[in-house]
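For reference, the structure discussed in these notes is given below.
Start at 1 with the first residue, then count along the sequence.
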Amino acid sequence: MTNQNLLSSLIYITVFILFVSGCASFRPDTSPLLDKKAFLLSNQARSINQHITASKGTGWARIETKTKTVKFKVAWATIFPNKIRITFLLSGLPVETIIATGKKITFLSHTGKHSKYSYNSKDPDMKDYIFVPVKLSEMILVLLGRLPVKNFDDAWFSPSDSFLSTIILKQNWKGFTQSVHFNDKGKVDGLKTTDASGKLLYEMTIIKYKAHDFGNIPVKIEIKDKDNRKLTLEITNFLPNPPIKESVFQLTDSR
């Protein structure tokens with residue numbers, strides 16, 4: 001090994017050790033018994049309504065930014081994990097339809113604002129369309145009555161929460177951190193996701209659940225980013241596991 005290669009290897013090893021040490025230092029020293037409970041509760045939150053693999057529904061979507069507020073009626077059909085057709089309406093008339101198939105996403109303006117266009121993406125970020133940085137897969141989970149709790153390898157109760165109502169989630173070698181908050185009835189009422197630098201990506205608040213014979217469905221959800229841009233989704237009709245034809249996710253010029 002040349003001196004240059006040896007130096008490069010030493011630099012790489014040093015950076016790797018510093019990286020691992022930095023990740024390890026983020027993890028507070030917590031009770032293993034409580035960690036086990038946190039892991040169990042987080043898995044339960046992630047599996048809420050996991051039996052619902054498709055849905056149809058209608059509701060209202062209110063989008064608020066610093067400069068404008070607009071409220072749409074929405075109608076959707078979706079199949080887990082990545083198929084959705086959602087139409088936004090104003091005054092009862094369709095404005096925009098978005099269709100995702102798991103391979104590409106298509107946008108159709110019903111008002112002539114733009115021509116129909118598509119691009120390839122398995123899981124696009126919806127920030128450009130609903131103003132908050134939520135992945136399409138996370139929106140689909142919400143419209144299935146589920147919670148967008150990410151995959152995780154580690155879970156612990158937040159040391160700053162003496163009521164043991166906030167759990168921190170971490171996935172090894174991933175930059176995100178997610179916290180899950182439970183209300184006094186044991187239901188999840190908040191999710192917060194940050195990036196590797198600790199910057200808030202979005203904060204989700206579950207304002208209201210509705211009890212059905214097939215499960216409790218979050219029916220009023222607020223999603224807010226670091227700039228206080230906000231999407232409030234209110235579900236008014238929800239049909240779990242309906243038959244949905246593949247043709248629903250095919251958009252022709254006549255449709």
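Looking only at side-chain heavy atoms (C-beta outward), Leu33 and Lys37 stay at 4.5 Å or farther from each other. Side chains of Lys103 and Asn120 form no contact here, defined as non-hydrogen atoms less than 4.5 Å apart. Lys71 has its side chain out of reach of Glu234: every pair of non-hydrogen atoms, C-beta onward, lies at least 4.5 Å apart. Looking at Ile98 and Met126, their side chains come closer than 4.5 Å, going by heavy atoms from C-beta outward. In this structure the side chain of Val149 reaches within 4.5 angstrom of the side chain of Leu191, judged on heavy atoms. Side-chain contact between Lys192 and His181: absent, with no pair of heavy atoms (C-beta onward) separated by less than 4.5 Å.
Atom CD1 of Ile99 and atom OG1 of Thr106 lie 6.5 Å apart (nearest 0.5 Å). To the nearest 0.5 Å, the span separating CD1 on Ile63 from NZ on Lys230 amounts to 13.0 Å. The distance from atom CG of Leu231 to atom NZ of Lys224, rounded to the nearest 0.5 Å, is 13.0 Å. Between the OG atom in Ser165 and the CG atom in Asp189 there is a gap of 8.0 Å [rounded to 0.5 Å]. A distance of 11.5 Å separates CG in Leu141 from CD1 in Ile52, rounded to the nearest 0.5 Å. With values rounded to the nearest 0.5 angstrom, Thr78 atom OG1 is found 12.5 Å from Arg85 atom CZ.
Ser47 pairs by the side-chain contact (heavy atoms from CB on, under 4.5 Å) definition with Gln50, not counting sequence neighbours. In terms of the side-chain hydrogen bond (donor to acceptor under 3.5 Å, both in side chains) criterion, residue partners of Asp227 (sequence neighbours excluded) are, by chain and number, Arg229. In this structure Thr67 satisfies the side-chain contact (heavy atoms from CB on, under 4.5 Å) test together with Thr65, sequence neighbours excluded. For Ser121, the side-chain hydrogen bond (donor to acceptor under 3.5 Å, both in side chains) test picks out no residue, with sequence neighbours left out.
There is a path of hydrophobic side-chain contacts, each under 4.5 Å, that joins Leu169 to Leu34. Grouping the Ile, Leu, Val, Met, Phe, Trp and Tyr side chains by contacts below 4.5 angstrom, directly or via other members, places Val70 apart from Leu89. Two different hydrophobic clusters hold Leu143 and Ile79 under the rule that ILVMFWY side chains link at heavy-atom gaps under 4.5 Å. The hydrophobic cluster containing Ile235 also contains Phe72, counting ILVMFWY residues as joined when their side-chain heavy atoms lie under 4.5 angstrom apart, directly or transitively. Both Phe39 and Ile48 belong to a common hydrophobic cluster when Ile, Leu, Val, Met, Phe, Trp and Tyr are linked at side-chain heavy-atom distances under 4.5 angstrom.
A donor-acceptor contact closer than 3.5 angstrom links the side chains of Thr87 and Thr97. Side-chain polar atoms of Ser55 and Trp76 form a donor-acceptor pair below 3.5 angstrom.
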Inset, instruction - Start with the C-alpha gap between Asp35 and Arg27, add the side-chain angles, then the distance that decides, and say whether salt bridge (charged side-chain N to carboxylate O under 4.0 Å, His left out) holds. - result: CA-CA 12 Å; Asp35 290 347; Arg27 175 65 158 96; 3.0 Å; yes
Legend entry - Worked verdict on Lys66 versus Asn228 for side-chain contact (heavy atoms from CB on, under 4.5 Å): CA-CA 8 Å; Lys66 293 179 180 179; Asn228 212 34; 5.8 Å; no
Inset, instruction - Assess whether side-chain contact (heavy atoms from CB on, under 4.5 Å) is satisfied between Thr111 and Leu90, documenting all intermediate values. - result: CA-CA 11 Å; Thr111 62; Leu90 276 175; over 6 Å; no
Inset, instruction - Under the side-chain contact (heavy atoms from CB on, under 4.5 Å) rule, what do Lys56 and Ile244 come out as? Steps first, then yes or no, please. - result: CA-CA 9 Å; Lys56 288 182 178 180; Ile244 301 176; 3.8 Å; yes
Legend entry - Step-by-step side-chain contact (heavy atoms from CB on, under 4.5 Å) determination, Asn49 to Leu144: CA-CA 8 Å; Asn49 294 324; Leu144 288 170; over 6 Å; no
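When every heavy atom of Ile167 is checked against every heavy atom of Ala38, the shortest pair comes out as CD1-O, 3.6 Å. Annotation for Thr166 and Ser179: closest pair CG2-CB, 4.2 Å, computed over non-hydrogen atoms. Pairing each heavy atom of Phe157 with each of Leu41, the nearest pair is CZ-CD1, 4.0 Å. Minimum heavy-atom separation, Ser118 to Lys104: CB-CD, 4.3 Å. In this structure, Pro148 and Val142 approach most closely via the heavy-atom pair CD-CG2, 4.2 Å. For the pair Pro218 and Gly145, the tightest heavy-atom approach, listed with the atom from each and the gap, is CD-O, 3.4 Å.
A donor-acceptor pair under 3.5 Å links the side-chain atoms of Thr236 to the main chain of Thr58, judged by distance alone. Counting only distance, with no hydrogens or angles, the side chain of Gln171 and the backbone of Lys150 share no donor-acceptor pair below 3.5 Å. When atom types are taken as modelled, the side chain of Asp154 and the backbone of Lys170 share no donor-acceptor pair closer than 3.5 angstrom. The main-chain N or O of Thr53 is found under 3.5 Å from a side-chain atom of Asn241 such that the two form a donor-acceptor pair.
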When the side chains of residues 128-135 are checked against the rest of the protein, which donor-acceptor pairs come out under 3.5 Å, sequence neighbours left out?
unit_1 : atom_1 : unit_2 : atom_2 : d
Tyr129 : OH     : Tyr119 : OH     : 3.2

Going by atom type alone, with no hydrogens or angles, which donor-acceptor pairs under 3.5 Å involve a side-chain atom of residues 200-215 and a protein atom two or more places apart or on another chain?
unit_1 : atom_1 : unit_2 : atom_2 : d
Tyr202 : OH     : Glu138 : OE2    : 2.9
Tyr209 : OH     : Val188 : O      : 2.5

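For the pair Arg46 and Phe152, the cation-pi criterion (under 6.0 Å, within 45° of the ring axis) is not fulfilled.
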